[in-house]
Protein chains: 2
Amino acid sequence: MTVRAVERALDILLCFLDRKDLTLTEISKVVSLNKSTVYRLLSSLEGKGFLIRNQETEKYRLGFRIWELSANLNRDHDPSVLLLPELVRLRDLVGETISLYVRDGMERVRIQAVESTESIRRVAPVGIRLPLSVGASSKILVAYGETTVVDQVLNDSGWPEGIAKPFYRQQIAEIKEKGFATSIEERETGTAAVSVPIFSRDKQLLMALSVSGPSNRLTIEKMKENLPIIKEAAQRMETMLP
Amino acid sequence: MTVRAVERALDILLCFLDRKDLTLTEISKVVSLNKSTVYRLLSSLEGKGFLIRNQETEKYRLGFRIWELSANLNRDHDPSVLLLPELVRLRDLVGETISLYVRDGMERVRIQAVESTESIRRVAPVGIRLPLSVGASSKILVAYGETTVVDQVLNDSGWPEGIAKPFYRQQIAEIKEKGFATSIEERETGTAAVSVPIFSRDKQLLMALSVSGPSNRLTIEKMKENLPIIKEAAQRMETMLP
DNA sequence: AAACGCGGTTTCACATAATGAAACCGTGGA
DNA sequence: TCCACGGTTTCATTATGTGAAACCGCGTTT
């Protein structure tokens with residue numbers, strides 16, 4: 001009813017969801033296929049421009065056709081457009097700034113934001129890149145990302161010295177269990193945040209939904225009070241994505 | 001050496017480079033394959049999230065996985081990032097505003113801009129959508145797009161009444177022959193522009209490179225004087241893309 | 001210098017997956 | 001009621017896709 005070879009090739013493309021460069025052998029292990037099979041599938045993907053191969057490093061990465069295709073669907077499928085009404089609805093309910101973050105390597109990127117109805121000092125612009133080591137949404141992106149992300153973050157050269165790594169690991173485990181993360185003045189003095197994950201239909205982490213505000217207003221009590229509303233909004237957003 | 005079924009499936013994906021919604025029968029014709037073959041290939045693409053099918057209209061469109069993959073490569077492959085240095089270099093050479101446009105249906109979208117070093121009145125922001133019926137870059141996107149685009153533009157409900165269709169067809173044919181398009185005060189009073197195409201490695205039109213400025217400064221003579229520089233910059237940009 | 005290990009590439013025999021023709025089904029129009 | 005069309009399923013056929021094995025090049029170890 002379907003075509004097995006095609007599904008194998010697509011599985012290869014999906015290896016690149018959160019990794020930029022992969023060798024033939026790495027791909028072979030990820031998709032559990034014979035390396036000669038993978039070799040031929042890669043040749044087909046490369047020939048049509050969906051992957052490119054770096055001649056020197058022999059690593060593959062996503063090709064230009066992916067961008068070209070995405071340029072066509074961006075307006076209709078971009079979560080920062082699709083989810084905006086729900087972000088506004090949530091902002092009106094909780095009164096603070098609402099943001100969406102995705103992970104890109106060892107950074108998180110703010111892809112959408114709706115600002116608080118209350119007075120605020122300053123909001124970082126959409127498109128900003130922040131380290132993955134601090135902040136509530138960073139913790140969500142680490143906790144629910146691939147299991148290797150924790151180690152990568154801890155080994156990253158940008159790891160802040162004031163945070164004990166074993167403590168961090170424990171935090172991440174607890175966050176995964178609780179389903180949300182908080183931060184109080186971790187990234188910026190006087191600022192607090194609470195964040196929850198947003199998943200795809202096949203339970204892969206897509207992004208982090210974050211509510212942030214001044215720490216004198218967004219207290220732990222206020223976060224707990226609003227947590228059900230935030231989690232419900234995240235679930236609604238999951239249904240709004242294709 | 002490669003896998004035929006995979007290449008067929010990728011050909012199906014490439015049907016969506018400039019069309020949003022397609023039926024099984026349309027796809028079958030475009031890729032010249034048996035409809036039962038196409039049916040199974042579509043099932044595989046849909047199953048992995050690369051295409052979605054509208055239950056009511058029975059049309060297929062690109063799925064969420066394309067966006068997810070592109071989110072990974074956007075920073076490294078997005079032309080509006082990659083080509084920025086060359087846009088700045090060209091701006092410094094010709095002194096006027098430089099823009100990149102892509103076609104999206106019956107509109108063109110400005111995906112990048114570097115503003116003039118001279119005084120200017122106002123520049124439309126990146127992301128703006130303009131009709132495909134007027135402007136130099138519109139003509140480039142029509143002339144070098146798929147052959148059906150001319151008819152689509154002419155049949156579009158937004159066609160301006162003051163432009164004779166046979167004259168427009170002749171203009172488009174001439175532009176394709178000359179390799180550039182000009183416009184003087186077509187979209188906005190007092191503004192002129194010259195535009196050239198940027199192609200992919202396999203000679204598909206990717207986008208239009210445009211130089212624009214006030215019509216008293218950017219005269220026909222000035223355009224012709226700068227045309228070799230603009231064409232050379234477009235060729236350099238083609239080599240800067242993956 | 002020789003042997004070894006590893007990643008990438010090619011070969012080849014084999015089994016089955018992919019294919020396309022034909023039939024079927026549902027729907028809308030004449 | 002009949003017909004045309006698009007989508008879906010069936011089935012016989014064979015060409016394709018596969019994986020084991022071998023080969024190649026390169027760097028490392030002995």
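Contact annotation: B:Y39 does not reach the phosphate of D:dG7 (side-chain N/O to OP1 or OP2, under 4.0 Å). The side chain of B:T37 places no N or O atom within less than 4.0 Å of a non-bridging phosphate oxygen (OP1 or OP2) of C:dT19. For the pair B:R4 and C:dA17, the criterion of a side-chain N or O lying under 4.0 Å from OP1 or OP2 is not met.
D:dT10 atom C1' lies 13 Å from atom CG of B:N34, rounded to whole Å. With rounding to whole Å, A:K59 atom NZ is found 13 Å from C:dG7 atom C1'. The distance from atom CD of A:E7 to atom P of C:dT16 is 18 Å, rounded to the nearest whole Å. With rounding to whole Å, A:E46 atom CD is found 13 Å from C:dT9 atom C1'. Put simply, CZ on A:R53 is 14 Å from P on C:dG7, counting in whole angstrom units. The CD-P distance, from B:E56 to C:dT27, rounds to 15 Å in whole Å. For the pair B:L42 CG and D:dT9 P, the interatomic distance rounds to 13 Å; values are reported in whole Å. A:D11 has its CG atom 12 Å from the P atom of D:dT18, to the nearest Å.
Position along DNA chain C of the nearest nucleotide to A:K35 versus A:V3 favours A:K35 as the more 5'-ward residue. Each of B:A5 and A:L24 lies near DNA chain C, and the nucleotide nearest A:L24 is the one positioned closer to the 5' end.
The two residues A:R108 and A:G135 make their nearest non-hydrogen contact at NH2-CA, 3.9 Å.
A:S28 comes within 4.0 angstrom of no nucleic acid atom, judged by non-hydrogen atoms across all strands.
Using a 4.0 Å cut-off between charged nitrogen and carboxylate oxygen, A:R4 and A:E7 do not count as a salt-bridge pair.
Nearest nucleotide to the B:R8 side chain, out of C:dT19, D:dT18, C:dT9: C:dT19. Nearest nucleotide to the B:L41 side chain, out of C:dT9, C:dT19, D:dG7: C:dT19.
Taking the centre and axis of the six-membered ring of A:Y168, the NZ or CZ atom of A:K165 falls outside the cone set by 45° and 6.0 Å.
One cannot find a donor-acceptor pair under 3.5 Å joining the base of C:dG7 and the side-chain atoms of A:T25. In terms of polar N and O atoms assigned as donor or acceptor, the side chain of A:S36 comes within less than 3.5 Å of the base of D:dG19 in a complementary pairing. Counting distance only, with no hydrogens placed and no angle test, the side-chain atoms of A:R40 and the base atoms of D:dG19 include a donor-acceptor pair under 3.5 Å.
In terms of modelled atom types and a separation under 3.5 Å, the side chain of B:T23 and the main chain of B:E58 share no donor-acceptor contact.
The shortest distance between side-chain heavy atoms of B:T57 and B:D21 does not fall below 4.5 Å.
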